[in-house]
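Please read the structure below before turning to the comments.
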Amino acid sequence: MKIASVIVDVPTSQTNHTFDYQVPKSLQGIVQAGVRVIVPFGRRKVMGFVMELKEESDFDRLKEIEEVLDLIPVLTPELLKLGKWLANEMVSLYIQTYQAMLPSILKASYKKEIEKLTDEDLPESMETIFAGRHVIDYDEFVERQGKLNELRKQIEEGNVRFQYIVKGKENRKQLLFLEAAKDVTLLEEALLDIPKRAKKQREILQFFIQNEHPIEQRILFQQLKTSSSTLQPLVDKGLIKKTYKEIYRNPYEDSQITPTQALPLSEQQNKAIEPIWQSVAGNLHEIFLLHGVTGSGKTEVYLQAIERVLDKGREAIVLVPEISLTPQMVHRFKGRFGKDVAVLHSGLSQGEKFDEWTKIQRKEVKVVVGARSAIFAPFENLGIIIIDEEHETSYKQDEQPKYHAREVAKFRGEYHQCPVVLGSATPILETYARAKKGVYSLLEMPYRMNNNAMPPVEIIDMREELHAGNRTMFSRRLIDAIKDKMDKGEQIVLFLNRRGYSTFVMCRECGETVKCPSCDIALTYHKATDELKCHYCNYHIRMVHECPTCQSLSVRYFGTGTQKVEEALKQLIPEVEIIRMDVDTTRKKGAHERLLSQFSEKKAHILLGTQMIAKGLDFENVTLVGVLAIDTMLQLPDFRSSEKTFQLLTQVSGRAGRHHLPGEVIIQTYTPEHYSIELASQYDYEQFFYKEMEMRKQFRYPPYYYLTLIHVSHPNEIKAYEVTKMITKLLRKHLTDQVTILGPTPSPIVRINNRYRYQCMIKYKNEPNQLATIRKILQYYHDEMIKNDLMIQVDLEPYQLM
DNA sequence: AGCACGCCGACT
DNA sequence: GTCGGCGTGCTC
């Protein structure tokens with residue numbers, strides 16, 4: 001096996017294939033499929049992944065692999081295969097797909113250096129840049145106006161050398177430990193030789209006579225109140241030696257985790273778990289939909305299913321939406337499986353993620369709980385994959401490769417012959433339809449634990465409030481209910497879909513709204529900073545008080561954001577304590593956890609927030625959930641808007657009365673008759689499913705048809721339009737007449753960051769030519785995409801039509 | 001992507 | 001005759 005085929009880290013379609021390299025003698029046996037290598041590529045050096053080893057190549061004059069970055073492959077044979085499949089399926093590049101499977105810290109970093117080889121002085125302009133150093137950065141050379149032709153001449157003359165440096169960025173965290181370098185008896189002898197007045201030295205030595213285990217230097221110094229000046233003589237005498245120990249960064253070090261035992265299962269839990277256990281026992285690949293209402297005890301089913309998997313010596317992946325990867329959730333898994341659990345989520349630093357990933361790679365853990373990308377955990381003996389809240393949009397990656405974790409889970413489940421469990425109270429229509437058809441096995445858990453009823457939902461028609469002269473954003477009913485709960489010492493969750501203070505700012509004289517100069521979207525007023533912010537790019541300006549168009553002073557706020565709700569509520573109920581949770585208050589690391597624990601310690605009456613409070617939270621003292629305005633969501637130009645509204649309402653409602661205290665839910669809306677709202681208030685998923693399926697059938701949407709969205713953007717609107725038009729034309733020409741091709745249409749937000757956005761959509765049932773055609777189109781526009789700032793993005797089975 | 005090669009106009 | 005601009009094509 002002297003030849004390796006390598007996917008190189010050059011993300012273009014022209015290099016989207018393997019390149020063969022000779023494995024030099026010194027690296028034979030070390031280079032294997034799945035390791036990262038550094039290879040010469042043209043004049044440069046690049047990182048690459050070894051796909052396979054082979055004896056022969058079609059290519060002569062192979063170059064040699066220069067360096068191997070891993071001793072243990074970072075990609076298992078399964079992941080290599082998966083990446084290949086995924087890249088083809090998603091029309092993305094192999095290298096992008098493989099990078100997406102690994103912690104980002106494993107991406108190579110590239111540097112160019114200039115090294116001075118002679119003791120003689122270089123030309124003066126170069127000497128000033130070198131400033132006495134031997135090696136400088138090429139980028140620094142260019143930045144400081146270094147002359148390239150001069151550099152070239154010096155290279156030719158052999159006075160300087162030009163080097164490409166490729167490095168993995170990863171480093172393992174190491175700590176300095178001390179241990180005895182000799183036998184205890186020898187140490188005792190040495191103790192006699194140490195002068196009496198060297199008191200501290202004797203103390204240190206005595207410590208090691210009594211403790212044979214290595215100790216961290218920092219801790220020893222703390223304990224004995226000494227420092228390295230005292231230690232050094234002992235090290236010099238060879239009595240004590242320094243060692244480095246690799247440790248893992250432990251993000252959960254400080255939190256106390258109480259071990260838990262399996263809870264007795266309810267009847268419905270038993271019924272649901274039995275088929276999963278059978279599938280685990282028989283090593284059968286089966287896809288389950290666990291359709292259980294909020295509070296029905298799905299997590300306990302997951303935990304006990306995993307227990308069986310671990311008993312068989314196999315491993316488990318649990319995916320949770322990023323947003324609900326709360327400390328509460330992590331504690332449940334750590335409580336049950338202790339040190340066998342690795343946790344992966346975006347709140348971790350790059351280094352922490354890498355450490356958790358390393359534990360998986362080394363098989364030091366058996367269970368991984370994580371967000372989307374945890375689906376690529378490098379386990380080799382998977383026994384179950386669980387996707388909780390499978391309808392969550394965060395399971396679809398919105399960058400290349402635009403994969404959905406569910407599809408990856410199916411691939412891995414099939415590969416390992418193990419069950420995949422999709423859990424949700426409100427599965428997305430595609431999933432439920434498949435379960436109904438028998439493609440997935442449907443497991444129903446229609447009741448809450450302890451037979452708690454779902455909290456009753458009251459719908460308040462805000463139009464009537466307006467007629468009755470109530471111009472505030474709170475219905476009289478909601479205010480009364482809030483006061484009532486506050487009197488009883490119970491807590492309230494208020495949900496609003498908008499952050500900021502108000503949704504837009506408009507001039508009453510001329511009706512002009514203040515818009516972002518680079519995006520086609522109204523700016524949002526943020527009171528805390530007195531700024532207008534664009535939520536799509538990071539544009540922000542001071543609040544304007546004079547209309548930019550007509551110079552009148554009638555600029556007013558419209559719409560409602562979380563900040564404004566907080567303020568308005570404090571005016572109505574002065575004694576109320578509110579914790580506000582949105583992107584703005586949780587930006588800082590750990591803020592999320594801090595706010596939640598403050599609320600659970602009853603430091604506030606109300607938890608007010610956006611999307612992020614809708615999911616997974618479980619506070620026993622919450623008895624009222626209020627939804628302030630759901631209508632904005634229903635009006636979104638997206639075929640899933642009804643479904644998303646239904647899901648959100650159901651989830652928010654589930655936050656109330658989860659324990660002993662009965663709960664209630666109040667939904668304020670201007671469209672109380674909409675079926676999503678009405679059926680969500682009755683907790684009737686089934687009814688909603690049939691109703692929504694009818695709509696989907698009528699308008700040719702999933703699950704009846706598959707969708708592909710092709711999104712084109714360019715700084716010039718006409719160009720963006722023309723390209724999109726051309727693409728629709730090409731599609732119509734090459735695809736069968738069974739498909740519907742819509743477009744070109746402007747995106748819901750036509751301009752973001754000064755780029756105009758157009759799109760076209762393909763609706764199809766079965767279109768074998770589709771991927772090949774799309775690939776050809778991308779090929780056709782390839783040059784323009786690089787040179788002309790054109791962007792074409794392909795999204796198969798999109799989640800968002802924006 | 002990044003780099004060389006090659007062709008063309010400008011200028012010591 | 002040489003330098004540097006950008007278009008074209010290749011990288012095992």
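Throughout, protein chains are lettered first and strands after them, A, B, ... in sequence-line order, and every chain is numbered starting at 1. Here the structure is a predicted model, which is why all the values come from computation and not from measurement.
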Roughly how many Å is it from [atom1] in [X] to [atom2] in [N], rounded to a whole number?
X: A:Ile3; N: C:dC12; atom1: CD1; atom2: P; result: 14 Å
X: A:Glu55; N: C:dC12; atom1: CD; atom2: P; result: 22 Å
X: A:Glu52; N: C:dC12; atom1: CD; atom2: P; result: 18 Å
X: A:Leu62; N: C:dC12; atom1: CG; atom2: C1'; result: 6 Å
X: A:Met51; N: C:dC12; atom1: CE; atom2: P; result: 17 Å
X: A:His17; N: C:dT11; atom1: NE2; atom2: P; result: 9 Å
X: A:Lys153; N: C:dC3; atom1: NZ; atom2: P; result: 9 Å
X: A:Lys63; N: C:dT11; atom1: NZ; atom2: P; result: 9 Å

Can you list every pair that meets ring-ring contact (aromatic ring centres under 6.0 Å, His included) and has a residue in residues 768-789 of chain A, with sequence neighbours left out?
->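 Residue pairs with at least one partner in residues 768-789 of chain A: there are none.
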
Is A:Lys2 salt-bridged to A:Glu64, cutoff N-O under 4.0 Å?
->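 No salt bridge links A:Lys2 with A:Glu64.
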
Got a sec, which residues hit ring-ring contact (aromatic ring centres under 6.0 Å, His included) with A:Phe162, two or more places apart in sequence or on another chain?
->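 Here the qualifying residues are A:Tyr138, A:Tyr164.
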
Test ring-ring contact (aromatic ring centres under 6.0 Å, His included) applied to A:Tyr98 - qualifying residues, sequence neighbours left out =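 Once residues adjacent in sequence are excluded, the partners of A:Tyr98 under the ring-ring contact (aromatic ring centres under 6.0 Å, His included) criterion are A:Phe49.
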
Determine whether A:Ile114 and A:Leu151 make a side-chain contact, defined as any pair of heavy atoms from C-beta on separated by less than 4.5 Å.
->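 A side-chain contact exists here, since the closest heavy-atom pair is under 4.5 Å.
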
With sequence neighbours left out, what residues match A:Gln96 under side-chain hydrogen bond (donor to acceptor under 3.5 Å, both in side chains)?
->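 Partners of A:Gln96 by the side-chain hydrogen bond (donor to acceptor under 3.5 Å, both in side chains) criterion come out as none, since no residue qualifies.
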
Pairing residues for A:Lys396 by the side-chain hydrogen bond (donor to acceptor under 3.5 Å, both in side chains) criterion, not counting sequence neighbours |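 Scan of A:Lys396 (side-chain hydrogen bond (donor to acceptor under 3.5 Å, both in side chains), adjacent residues dropped) gives A:Asp795.
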
Qualifying salt bridge (Lys or Arg N to Asp or Glu O under 4.0 Å) pairs, either residue in residues 75-90 of chain A, two or more places apart |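 Non-adjacent pairs meeting salt bridge (Lys or Arg N to Asp or Glu O under 4.0 Å): A:Glu78-A:Arg412.
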
For nucleotides 6-9 of chain B, tabulate all protein N/O to nucleotide N/O atom pairs closer than 3.5 Å, reporting atom names and distance.
none

Under 3.5 Å between N/O atoms: give me all the protein pairs with nucleotides 1-5 of chain B, atom names plus distance.
unit_1 : atom_1 : unit_2   : atom_2 : d
B:dA1  : N3     : A:Arg44  : NH2    : 2.9
B:dG2  : O4'    : A:Arg44  : NH1    : 3.2
B:dC3  : OP1    : A:Tyr164 : OH     : 3.4
B:dA4  : OP1    : A:Arg43  : NE     : 3.3
B:dA4  : OP1    : A:Arg43  : NH1    : 3.4

Who are the side chain to side chain contact (heavy atoms under 4.5 Å, CB included) partners of A:Tyr539, not counting sequence neighbours?
->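 For A:Tyr539, the residues satisfying side chain to side chain contact (heavy atoms under 4.5 Å, CB included) (neighbours in sequence not counted) are A:Cys516, A:Pro517, A:Leu523, A:Cys534, A:Cys537, A:Ile541.
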
Compare the ring of A:Phe59 with the six-membered ring in the base of C:dC12 and state whether they stack (centres under 5.5 Å, planes under 30°).
->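 Here A:Phe59 meets both the 5.5 Å and the 30° conditions.
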
